[in-house]
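What follows is a set of notes on a single structure, which appears directly below.
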Amino acid sequence: MSTAVRNKIVLIDDDAALLNGLRRRLGGVYDVTVFSDPTAAIEAVCADPAFPVVVSDMQMPQMDGLTLLRQIHRYCPEMVCMMLTGDGDQELAIKAVNDGYIFRFLKKPCDAAQLDKAIQEAIVEYGHRCRRSGFLYRLVQDGPEIVQVDADAGCRAVTGLNGVDFVRRPQRWVELVAPEDAAAVKAFYAQASAGQLTEPLEYRIRRGDQSVVWVRNTLLSCRAENDGKLALHGQLQDVTESKLARMHLERATRRYEKMVANVPGLVFQAILDGSGTFRFTFVSHSCLELLGVTAEQICGDSTVFFANFSPEDRMQFYGKLTDSAGRLSPLVWQGRYTAGVKTRWFQGTARPERLPDGRILWDGLLVDITEQKQNQQRAEYLAQFPEQSPNPVLRINTEGRIIYANSAAATLLTLWDRKLGHILPQDLYEVAVSAAQSARPRKHEVLCGDRYFSIIFLPIAGSGDINLYTRDITDLKTAELELRRSNTELIEHDRLKSEFISTVTHEIRTPLCIFQNILSNAMEGVYGTISPSLKDNLEMAQQGVRRLGRIVSDFLDMSKIEAGSMKLDWQ
């Protein structure tokens, strides 16, 4: 049975009796290492930076506590430094806390409960520092060469190295940069050294464990030192996860745009929020060819989309939008688009969906129907001479009986299994009655066999008869059905992707737990005594397993978010 790993703490004091007393008091809970020589203590923590807490006396003959802890903080910024002070040292200790060198100071004599509580809080702080994804740094340059690097807490979590690695060898800062990004980073510092403003730079570094991560380097200030050297102050953040997520999103977006580029017309997605604001969230790049504006312009300002449509068509659109949102019914709209002296007709078709937050989302298609519209207008003109019309033209009386059909209507009558004198099919007769009652034209679409027809029912004033002007719209309906099929396939592909990610991450989690258990037991000595070098390798392996576990957990969180099953714990 393995025992819990005890936290390692360092006690530094020139009073041997006090050190022995503290060792006896804390030894049952912590792995205590004591030093009476500050120099030896510094060498020890630099050789083994895994000490979470360092407690030092203030007044020592070889070196004062502030100087000691300042050096330890520089070499190992994650370590949490605390100080034991006398009555006369309070002001200096407060300044050290404010400067960030020490976490807390305790006044001598310090009782056991107070000391134990302070150490526990320091261990928690150490954990926070080791998990930071970014840190502040200070570079000192002598010409183009970096001669000094000071890093704050978070350095080891991001770079895999300790502050002492950079203090003893400042060039490690440059050597971390991936070769393919070295030129960009060199130009970044050269621009800063020349006094020019620099934008944050993202690039790759190779950590101490040889893993590659993405970082964002932000320069905060640049100023000359008294000795003529240049000091650069900045922040380095690990942005690997967000960078990879953005890259994945960009690839997915490119794939989606490539797919919708093959759809005839303009594919769009629009949303109506609770305040009544309508905006486009996605527009395919075919809009530049169709409308003469870019997708970015339309998504940034929806009025750009409607600018060249006629005012009455814009008003009609918003009326149909309100109706579609209220009834969650399909939105079908036609509008005239005038650019210069040329006018074109477009038809938009979109289906609404109510989101969990109450907003309405439309997925739709805008197609150029100028040619169809021109054909319709010509057909309406030719309908004045029904026999010569290329489209079926019929007339029915008040009983719904067919009393006239031109030559082009023969095919339609065959599909209906009707002849002159027969009653119109029941569903069409009901539409005709509705048109007669309203005394206004009614438009209706019907499927006959494998062909789609659009029929305009036009009541004839003063007679009670109704003319039926019919047009074959099979090609347009086929394009609409193809779009629906494509959207269904895209949704299914996205579902399979999410299911695959969820399955893979669940399957990876089990062996990760096994690896973690084996590594922990090995480091505890369950399988026998291990050498220091093997222990270091096991620690690196354990860090890798934990990092992979966090990535797997993030993928699971992403799957939950996409599935809508993420539960938040508000704290």
Side-chain angles (χ1 to χ4, degrees), residues 1-130 153 162 520 523-525 529 532 535 539:
M1 181 177 178
S2 63
T3 58
V5 178
R6 297 193 301 171
N7 288 297
K8 302 166 67 174
I9 64 174
V10 176
L11 301 177
I12 308 167
D13 200 307
D14 59 335
D15 187 338
L18 178 61
L19 281 180
N20 290 331
L22 291 175
R23 191 208 298 266
R24 288 193 302 271
R25 183 186 305 174
L26 303 174
V29 180
Y30 307 103
D31 184 356
V32 181
T33 303
V34 299
F35 292 95
S36 58
D37 183 359
T39 302
I42 293 175
E43 293 176 354
V45 297
C46 288
D48 181 11
F51 289 98
V53 183
V54 178
V55 182
S56 172
D57 186 24
M58 178 66 172
Q59 299 294 340
M60 293 180 289
Q62 302 97 324
M63 183 186 302
D64 68 87
L66 286 180
T67 302
L68 168 65
L69 295 182
R70 185 179 292 110
Q71 291 191 38
I72 290 177
H73 178 79
R74 185 185 180 202
Y75 294 147
C76 308
E78 280 78 20
M79 289 186 183
V80 181
C81 300
M82 296 198 302
M83 179 174 290
L84 296 174
T85 67
D87 290 333
D89 301 324
Q90 303 289 310
E91 188 173 341
L92 289 175
I94 292 173
K95 184 178 184 303
V97 172
N98 294 334
D99 291 342
Y101 296 118
I102 66 173
F103 173 67
R104 184 161 298 167
F105 67 90
L106 301 172
K107 183 179 178 182
K108 292 182 180 179
C110 180
D111 62 72
Q114 183 182 8
L115 180 59
D116 183 65
K117 179 181 178 183
I119 292 176
Q120 288 292 336
E121 292 175 353
I123 291 172
V124 172
E125 171 65 16
Y126 175 77
H128 292 329
R129 294 182 181 183
C130 290
N162 295 295
S520 298
M523 293 177 67
E524 290 294 332
T529 304
K535 182 177 180 181
E539 287 178 347

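All values reported here derive from a predicted model rather than from experimental measurement. For this chain, numbers begin at 1 and follow the sequence in order.
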(message) Distance check, rounded to the nearest 0.5 Å: Lys95 atom NZ versus Leu92 atom CG?
(response) 8.5 Å
(request) List the steps, then state whether side chain to side chain contact (heavy atoms under 4.5 Å, CB included) holds for Leu115 with Leu26. (result) CA-CA 9 Å; Leu115 180 59; Leu26 303 174; 3.9 Å; yes
(request) Looking only at non-hydrogen atoms, find the nearest pair between Phe51 and Thr33 and report the distance. (result) CE2-OG1, 3.9 Å
(request) Give a yes or no on whether the backbone of Gly27 and the side-chain of Arg6 come within a donor-acceptor separation of less than 3.5 Å. (result) yes
(message) How long is the straight-line distance from CD1 of Ile119 back to CG of Leu11, given to the nearest 0.5 Å?
(response) 7.0 Å
(request) Compare every heavy atom of Pro61 with every heavy atom of Asp14, then report the nearest pair and how far apart it is. (result) OD2-CD, 3.1 Å
(message) Testing the basics here: between Asp15 and Asp13, what is the closest heavy-atom pair and its distance to 0.1 Å?
(response) N-OD1, 2.8 Å
(request) Identify, with sequence neighbours excluded, every residue that meets side-chain hydrogen bond (donor to acceptor under 3.5 Å, both in side chains) alongside Lys8. (result) Asp48
(message) For the CG atom of Leu68 and the CG atom of Asp57, what is their distance to the nearest 0.5 Å?
(response) 10.0 Å
(message) Looking at every heavy atom in both Ser56 and Leu69, which two are closest together, and how far apart are they?
(response) CB-CD2, 3.9 Å
(message) Side chains of Leu84 and Val55, heavy atoms from C-beta outward: is any pair under 4.5 Å?
(response) yes
(message) Give me the atom names and distance for the closest heavy-atom approach of Val10 to Phe35.
(response) CG1-CD1, 3.7 Å
(request) Enter the distance from Gln59:CD to Leu66:CG here, rounded to the nearest 0.5 Å. (result) 8.5 Å
(message) Rounded at 0.5 Å granularity, tell me how far CD in Glu78 sits from CD in Glu125.
(response) 11.0 Å
(request) Quick one: list whatever passes side-chain hydrogen bond (donor to acceptor under 3.5 Å, both in side chains) with Asp37, sequence neighbours left out. (result) none
(message) If I compare all heavy atoms of Pro77 with all of Arg129, which pair ends up nearest, and what's the gap?
(response) O-NH1, 3.5 Å
(message) Evaluate Ile123 against Val80 for side chain to side chain contact (heavy atoms under 4.5 Å, CB included), listing each step before the verdict.
(response) CA-CA 8 Å; Ile123 291 172; Val80 181; over 6 Å; no
(request) Measure the CE-OG1 distance between Met63 and Thr39 for me, rounded to the nearest 0.5 Å. (result) 4.5 Å
(request) From the options His73, Met79, Met82, select the one residue that forms a side chain to side chain contact (heavy atoms under 4.5 Å, CB included) with Val54. (result) Met79
(message) Checking Glu43 against Tyr75: is there a side-chain donor and acceptor pair closer than 3.5 Å?
(response) no
